[in-house]
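I have placed the structure first, in the form of structure tokens, so that the comments after it can refer back to it.
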Amino acid sequence: GQQLNQSPQSMFIQEGEDVSMNCTSSSIFNTWLWYKQDPGEGPVLLIALYKAGELTSNGRLTAQFGITRKDSFLNISASIPSDVGIYFCAGQLNYGGSQGNLIFGKGTKLSVKP
Amino acid sequence: EAQVTQNPRYLITVTGKKLTVTCSQNMNHEYMSWYRQDPGLGLRQIYYSMNVEVTDKGDVPEGYKVSRKEKRNFPLILESPSPNQTSLYFCASSWRGGYNEQFFGPGTRLTVL
């Protein structure tokens, strides 16, 4: 099936630093979603993107829907300890009014040094 | 409170002993889905359902069954569990059509000995 390449797989950063991660696909999507998963919990939606080129913010988080519709980026500014977790991108292709399934990346594990 | 619930949260069982993991949502969502999460592999879809009595295979359906007799419930059935089904399972739901902002349950950690 379709696959998303998410990078980096993991990263350690100093508190206060900015973080960037991205997802790329060989297929186009018309929806990109970014989720965060805390230990022992299910993924929680952070940002949803519905239009190529769209740039959307949610507090310190900013995500962009790539122009080619094959990639997306997530930036976290001024990271804090509670940003620790696994971040997943997910792409979806909706067609003819029907909802396509979500395809998930393998995740980026974020660890912050206090 | 809008939520997706799963039971049990933790389960240890033995090979071949049939089990069911329940999933229920109170948001009147049409779309429901099951995923498994394994280290290094991310979230992979097992089965999904677009509405009552409508189910379809995801990427890794082998060894699993589902049913959707009611809109709110979407149980995952393992008729004869095997050790390679040891995993963390998530149920999710969303509105059908258009945007897919899926809401996830808290997860069920299954160990098959």
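So you know, we letter chains A, B, ... as the sequences are listed, proteins then strands, and number each from 1. Because the structure is predicted, anything quoted here is derived from the model rather than measured.
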Quiz item: So if you build clusters from Ile, Leu, Val, Met, Phe, Trp, Tyr with side-chain heavy-atom gaps below 4.5 Å, do B/F74 and B/W95 land together?
Solution: no
Quiz item: Do B/V21 and B/M32 belong to the same hydrophobic cluster, where Ile, Leu, Val, Met, Phe, Trp and Tyr are linked whenever their side-chain heavy atoms lie under 4.5 Å apart, directly or via other members?
Solution: yes
Quiz item: Is the count of non-hydrogen atoms from other residues, nucleotides or ligands lying under 6.0 Å from B/K71 atom NZ greater than 12?
Solution: yes
Self-check item: Under 4.5 Å from a heavy atom of chain B, the part of A/Q37 involved
Solution: side chain
Self-check item: More than 12 heavy atoms from other groups under 6.0 Å of CZ on B/R109
Solution: no
Quiz item: Are the side chains of A/F88 and B/Q37 in touch, meaning some heavy atoms are under 4.5 Å apart?
Solution: yes
Practice problem: Specify which of A/G107, A/A48, A/G40, A/P43 makes the most heavy-atom pairs with chain B at under 4.5 Å. | Solution: A/P43
Quiz prompt | A/L102 side chain reached by B/Q102 side chain, heavy atoms, under 4.5 Å | solution = yes
Exercise. Tell me whether A/W34 is reachable from A/L61 by hopping between hydrophobic residues (I, L, V, M, F, W, Y) whose side-chain heavy atoms are closer than 4.5 Å.
Key: yes
Quiz item: About how many Å separate CG of B/L43 and CD1 of A/I86, when rounded to the nearest 0.5 Å?
Solution: 9.0 Å
Quiz item: Is chain A contacted by the side chain of B/R9, its backbone, both, or neither, given a heavy-atom distance below 4.5 Å?
Solution: side chain
